[in-house]
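To start, the structure under review is shown below, and the notes come after it.
Below, chains carry the letters A, B, ... as their sequence lines are ordered, and counting in each starts from 1.
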Number of protein chains: 2
Amino acid sequence: MSQVIRKQAVTAEDVAKRAGVSRAVVSRALSSNGSISLATKEKVLRAAQELGYQVNFLAQGLNRQRSHLIGVIVARIGDPFRSSLLEGLLHEIQRRGYQALVTEITGEQDLVTTLRRFTQFRVSGVIVTSGKPPEAIVNECVGQQIPVVGINRHPDIPFVDFVCSDNHRGAQLAAEQLVHAGCRRFGWLINRNSTWAGVMRGEAFEHALQQLDVDTQRHLRWISASEEGYDGGWQAALNDKDELPEGIFCANAQLACGFLDGMRQRGKFAPHDFHLIGFDNTPQSGQFSYQLTTLHQDVAEISRRALTRLLERAKNPLQPSRVEWVKVELIHRQTSPRIG
Amino acid sequence: MSQVIRKQAVTAEDVAKRAGVSRAVVSRALSSNGSISLATKEKVLRAAQELGYQVNFLAQGLNRQRSHLIGVIVARIGDPFRSSLLEGLLHEIQRRGYQALVTEITGEQDLVTTLRRFTQFRVSGVIVTSGKPPEAIVNECVGQQIPVVGINRHPDIPFVDFVCSDNHRGAQLAAEQLVHAGCRRFGWLINRNSTWAGVMRGEAFEHALQQLDVDTQRHLRWISASEEGYDGGWQAALNDKDELPEGIFCANAQLACGFLDGMRQRGKFAPHDFHLIGFDNTPQSGQFSYQLTTLHQDVAEISRRALTRLLERAKNPLQPSRVEWVKVELIHRQTSPRIG
DNA sequence: TTGAAAGCGTTACCAA
DNA sequence: TTGGTAACGCTTTCAA
């Protein structure tokens with residue numbers, strides 16, 4: 001039979017009493033901070049165990065001026081890539097003994113509110129995976145010694161670190177694959193109001209094609225989607241009435257899947273009628289119905305690096321801003337098969 | 001030029017000094033808790049504004065014995081339905097002025113750790129979307145007056161509320177659709193170690209078929225997937241060598257998409273060779289390549305109800321456990337088209 | 001090594 | 001209506 005016993009939480013005071021020592025000793029025993037004899041330490045730990053003592057993180061954080069919380073800013077987690085990034089971050093945050101505070105923002109203005117709220121909780125760090133926080137509010141964080149790291153964001157804020165997939169290399173791999181596959185006319189598919197990462201991939205793609213002697217003025221065409229995600233790609237495929245390029249590179253996976261489906265609807269198939277390479281390598285892109293050739297973003301590695309940067313900067317807040325480029329890998333699937 | 005000014009956070013003391021009042025008055029002015037004259041209130045608010053004062057939530061929480069945090073337990077957010085549920089919950093939590101503490105668990109044993117950690121932050125409530133927490137630890141929460149609500153979980157813990165999609169009604173709608181579409185032999189696709197919700201859908205499906213005069217002993221067959229998600233469905237389709245049922249109901253969307261693809265691989269297509277109805281209505285199920293007929297789970301409504309339950313129970317912790325069934329809707333798409 | 005005591009920033013009770 | 005003050009539970013300095 002289940003019994004609910006209403007009880008006050010056990011405090012350090014209780015443990016101290018039971019172990020016959022002072023509150024201070026209890027604190028030392030549990031935080032291994034300050035000297036204590038092995039005997040008393042064990043005595044205290046046993047007492048704590050017996051009483052089921054749990055530190056009150058609010059009190060601890062108040063005293064230390066820092067909680068064990070890490071704030072994470074996300075957006076549109078319905079998007080498979082974003083949810084897998086969040087998953088990676090949660091995993092890493094928890095692995096290192098922190099607890100994630102997650103906020104989903106829907107517009108840039110939410111960023112200020114959110115960041116401010118994070119500071120009110122005295123977070124140990126902030127991870128921004130979406131939006132571009134105004135420098136003023138980021139400086140408030142920096143001023144309060146709260147490390148901030150941006151993921152796949154434009155690295156242009158002092159004292160903030162950035163971890164990005166290597167878009168440059170990714171675009172290069174895509175360009176090489178398409179050129180070697182024999183494509184001569186190219187397309188670059190991206191939605192309006194794309195993120196910095198998307199824009200960068202496009203520029204890098206153009207540059208990489210030029211390096212491969214493609215006359216991008218004549219043979220590279222931009223295909224613009226009016227909205228983001230699957231629907232954007234779908235619409236773009238249906239609306240684009242110009243000649244279909246032979247090799248298309250796309251800013252992300254969702255857009256690519258939508259485009260692929262839109263083209264199917266029009267009776268055009270990859271790789272027969274065109275080649276298509278996406279970005280992200282979401283689970284969906286590997287499914288039977290898509291089999292999208294794509295650049296893989298190493299979410300686990302990105303997450304690890306983000307946390308490492310955060311903890312590094314906590315130790316040394318004023319070190320110069322660092323940018324880390326995480327390796328990407330070309331996954332060969334049906335929409336642009338491996339050559340040779 | 002950006003300037004980082006290192007500064008201590010502004011405290012209520014600072015505001016008090018500036019407004020020429022006591023700390024206590026500042027607290028009242030901001031929390032509208034306790035009496036205060038309009039004049040002084042405005043004076044204080046102005047001072048707070050000028051100094052950019054932000055309440056320290058750690059201190060506030062310590063004093064009030066309750067933070068503005070709500071703990072959310074999730075798993076496998078790579079799964080589209082789960083990420084959209086999380087999205088709905090985050091939205092609702094933020095809308096009500098709380099902050100979400102999110103933990104992803106990978107096994108049942110993480111639940112205890114997580115729940116305990118939530119209590120250490122003195123959360124205002126806990127939302128469990130995955131796993132089955134041991135009653136003992138839930139009772140610890142209840143004992144500390146922390147409301148707990150389960151989503152799509154088996155409602156069997158005292159003093160805990162539950163919000164579930166109406167699986168019973170969903171299965172009934174599916175059965176009716178399939179029967180009316182002329183199916184005579186039925187299949188029920190689910191993965192081993194399914195959640196309670198999945199199992200319930202299966203039982204309800206069987207029951208609904210019986211109500212429609214189907215001899216389920218002879219004409220309902222279970223198709224079991226050895227793993228969950230898309231891959232589970234895919235494998236099930238490839239491995240299942242018995243006669244293909246005419247009408248198949250599936251425990252969730254991912255499994256259904258995988259099954260659909262696996263069948264395609266085998267040269268079988270819906271709705272030509274069989275009908276298929278899934279659950280969840282994830283974005284993917286509406287895409288051109290799947291067009292899955294499916295039961296829609298109203299994530300927004302589920303989230304709203306969950307929060308409402310939580311706040312209700314905070315006021316009245318010992319009220320009897322409540323279960324709310326949220327309406328589901330059959331979305332007619334290609335894998336089992338609307339009849340007539 | 002240990003304990004006393006001074007915070008950490010709020011809130012809430014109780015007098016005034 | 002207001003201000004003083006005692007919590008809230010923990011950490012850390014400083015003496016002992």
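Rounded to the nearest 0.5 Å, atoms CG (A:Leu101) and CG (B:Leu69) are 5.5 Å apart.
Think of the region where chain B sits on DNA chain C: with heavy atoms and a 4.0 Å cut, that region ends 5' and 3' at C:dG9 to C:dC13.
B:Lys17 places its NZ atom 15 Å from the C1' atom of D:dG3, with the value rounded to the nearest Å.
For the residue pair B:Asp110 and A:Gln94, no side-chain donor N or O sits within less than 3.5 Å of a side-chain acceptor on the partner. A donor atom on one side chain and an acceptor atom on the other are not found under 3.5 Å apart for A:Gln54 and B:Thr119.
For the helix from C:dT1-D:dA16 to C:dA16-D:dT1, the end axes, each set by the C1' atoms of five terminal pairs, are bent relative to each other by 40° (nearest 10°).
Heavy atoms of A:Ser31 sit nowhere under 4.0 angstrom from any nucleic acid atom. B:Ala12 comes within 4.0 angstrom of sugar-phosphate atoms only, judged by non-hydrogen atoms across all strands, and of no base. Counting non-hydrogen atoms under 4.0 angstrom, A:Val26 reaches nothing in the nucleic acid. Backbone-only engagement by A:Ser37 is indicated by non-hydrogen atom pairs under 4.0 Å involving sugar-phosphate atoms exclusively.
With a 4.5 Å cut-off on side-chain heavy atoms, B:Val149 and B:Glu324 do not count as touching.
Within the structure, the ring pair (Phe, Tyr, Trp, His ring centres under 6.0 Å) test picks out no pair touching residues 13-55 of chain B (sequence neighbours left out).
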